[in-house]
Protein chains: 4
Amino acid sequence: MDFDNSKPIYLQIVDFFYEKILEEEWKPNERIPSVREVAMMVEVNPNTAIRAFTHLQELEVIYNKRGIGYFVAEDGLEAVLRIKRKAFLEQTLPDVFKQMNLLNISLEALEEAYKRMNDEKK
Amino acid sequence: MDFDNSKPIYLQIVDFFYEKILEEEWKPNERIPSVREVAMMVEVNPNTAIRAFTHLQELEVIYNKRGIGYFVAEDGLEAVLRIKRKAFLEQTLPDVFKQMNLLNISLEALEEAYKRMNDEKK
Amino acid sequence: MDFDNSKPIYLQIVDFFYEKILEEEWKPNERIPSVREVAMMVEVNPNTAIRAFTHLQELEVIYNKRGIGYFVAEDGLEAVLRIKRKAFLEQTLPDVFKQMNLLNISLEALEEAYKRMNDEKK
Amino acid sequence: MDFDNSKPIYLQIVDFFYEKILEEEWKPNERIPSVREVAMMVEVNPNTAIRAFTHLQELEVIYNKRGIGYFVAEDGLEAVLRIKRKAFLEQTLPDVFKQMNLLNISLEALEEAYKRMNDEKK
DNA sequence: GTGGTCTAGACCACC
DNA sequence: GTGGTCTAGACCACA
């Protein structure tokens, strides 16, 4: 995993977890890799990995069974959707629109970019 | 001015400058407020204001006349447009589109939000 | 049995045993359920159940007959009363009183809560 | 400061902060000692102190001004009262009452202990 | 000066 | 085996 300098590593691990859950690769009540496994997987110190786990536990996205490991919460998928949607609608979008106005970028140009990106993916 | 905890204050001041220039409130070769004035205006430590000025000078958006003050660069408006457009197209947009896919938000929903926001503004 | 995350599971099993003995459901010199039975009953790893048994044996609340099982000690009820009373008077109560002072909760409020709880039970 | 082995040190620091706020030694919007000062004061590693600060910030009891320090939240006192009262009423009290019933300790005995403690204090 | 992040490594409780 | 806590020390961004 390659990290971006713009954000703490532990938050990038959190994002990585979010993706796994949103893509339903990790399902509710399923055990997720252990702290040590994640630390090795993404090549960071276990302490850094723990921060990501703890953070997600506070947000009730995952929970812990003592001595066994971490699990996706029963309503973990919903929790993630709620958190990300909120952030997207209240922070990302207003900022994007504000910039579009300032930079004189039209809605049409944006649509075009969207379609082009989707085409490239194929 | 109220600051957002997610971003360094000096960068938020930089954004404030960008807006002034993009809205052509501050025109090329015009003098802009002094470091002290800005510091008082937005209620920050002068050191923090200086960082914003220095940052913009490095990007050649503003320049300095010793003993007189800071001025918007001859091609300051173009510089800002270039910088912001690049950031928007290469970083903001791809991220937005990725999130739309993950969160199952359609292009139509986005257009709607855009129009709603523009209506509210009026 | 549902466990509280704030306390080790084996100690919660110990508390469960204390209740059985205090309520005289398990009487002195009577055989108590086996490690395996307890483990199944409360759905934990047998190792965890063993810890509870060992802990109680060290406190001389229960004793073991090899090949037969565990039994409540002759003076098991007294032992439990002694242990719990001591803990209650020396640790629980002082802490409760300290909190009452800090939180401005009067003795009367506490009495009321006590009576309300007893009423609810009926 | 002397720590108790029954609880993580960082949570004992949290409790220490709670007391300061409840006793109104630290008032809303007032700056509290820096991470390093606290670390020295209670003789722990700064990292351990940071945990306490971070924990309290998540609970919105304190907030942070970048580069300046931590401050008691505007409604920090209320937040603490809410948190502690809730814990006391929902966890401590039921447990205390349950033990009183099991140990055959009467309400009168408790009142007596309360008065005795208050007398000793004088 | 402030706090924030990260690493390395140790020790422990628990399952 | 699991996670949780703590220390020591480094480096960095920010005000």
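In this text the structure is predicted, and so the values were computed from the model without any measurement. What's counted below: heavy atoms across the whole structure, side chains too, no hydrogens, waters or symmetry copies. By convention in this document, chain letters (A, B, ...) are assigned in the order of the sequence lines, proteins followed by strands, and residues within each chain are numbered from 1.
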Please report, to 0.1 Å, the donor-acceptor pairs under 3.5 Å made by any side chain of residues 70-90 of chain D, with sequence neighbours excluded.
{"residue": "D/Glu74", "atom": "OE1", "partner": "D/Asn29", "partner atom": "ND2", "Å": "2.7"}
{"residue": "D/Arg85", "atom": "NH2", "partner": "C/Leu103", "partner atom": "O", "Å": "2.9"}

Would you jot down, in residue-number order, the residues of residues 37-56 of chain D having a non-hydrogen atom under 4.0 Å from DNA chain F? D/Val44, D/Asn45, D/Asn47, D/Thr48, D/Arg51
Nearest-nucleotide check on DNA chain F, D/Arg36 vs B/Lys7; residue mapping nearer the 5' end is D/Arg36
Looking at residues at least two apart in the chain, or sitting in another chain, which of them share a side chain to side chain donor-acceptor pair (under 3.5 Å) with B/Glu25? B/Lys20
Please test A/Phe3 against A/Ile13 for side chain to side chain contact (heavy atoms under 4.5 Å, CB included), starting from the C-alpha separation and ending with a verdict. CA-CA 9 Å; A/Phe3 297 108; A/Ile13 298 177; 4.3 Å; yes
Applying the Watson-Crick and G-U criteria (both distances under 3.5 angstrom) with [ ] for crossing and | for other-strand pairs, one obtains for DNA chain E ||||||||||||||.
Would you list the atom pairs, donor with acceptor, under 3.5 Å between side chains in residues 31-49 of chain B and any protein atom, with sequence neighbours excluded?
{"residue": "B/Arg31", "atom": "NE", "partner": "B/Ile68", "partner atom": "O", "Å": "3.2"}
{"residue": "B/Ser34", "atom": "OG", "partner": "B/Arg36", "partner atom": "N", "Å": "3.4"}
{"residue": "B/Ser34", "atom": "OG", "partner": "B/Glu37", "partner atom": "N", "Å": "3.1"}
{"residue": "B/Glu37", "atom": "OE1", "partner": "B/Ser34", "partner atom": "N", "Å": "2.8"}
{"residue": "B/Asn45", "atom": "OD1", "partner": "B/Asn47", "partner atom": "N", "Å": "2.8"}

Please find the pair of heavy atoms, one from A/Gln12 and one from A/Asp4, that lie closest to each other, and give the distance. NE2-O, 2.5 Å
Got a sec, which pairs hit ring-ring contact (aromatic ring centres under 6.0 Å, His included) with one end in residues 18-47 of chain A, sequence neighbours left out? A/Phe17-A/Trp26
Can you name the salt bridge (charged side-chain N to carboxylate O under 4.0 Å, His left out) partners of B/Glu19, sequence neighbours left out? A/Lys98
For a 4.0 angstrom threshold against heavy atoms of chain D, report the outermost contacting nucleotides of DNA chain E in 5' to 3' order. E/dG1 to E/dC6
Kindly give the heavy-atom pair with the smallest separation between D/Arg66 and B/Asn5, and that separation in Å. NH1-O, 2.8 Å
Please name all residues satisfying side chain to side chain donor-acceptor pair (under 3.5 Å) with C/Asp95, sequence neighbours left out, ordered by chain then number. C/Gln99
Both A/Arg66 and D/Val35 contact DNA chain E. Taking the nearest nucleotide for each, which residue is further toward the 5' end? D/Val35
Residues from residues 8-19 of chain D sitting under 4.0 Å of DNA chain F, heavy atoms only? D/Pro8, D/Ile9, D/Tyr10
Worked check of side chain to side chain contact (heavy atoms under 4.5 Å, CB included) between B/Leu11 and B/Arg51: CA-CA 9 Å; B/Leu11 284 182; B/Arg51 264 186 108 131; over 6 Å; no
Results of side chain to side chain donor-acceptor pair (under 3.5 Å) for A/Lys7 - residues two or more places apart only: A/Asp15
Greater than 12 external heavy atoms within 6.0 Å of B/Glu60's CD: no
Can you name the residues that form a ring-ring contact (aromatic ring centres under 6.0 Å, His included) with C/His55, not counting sequence neighbours? C/Tyr10
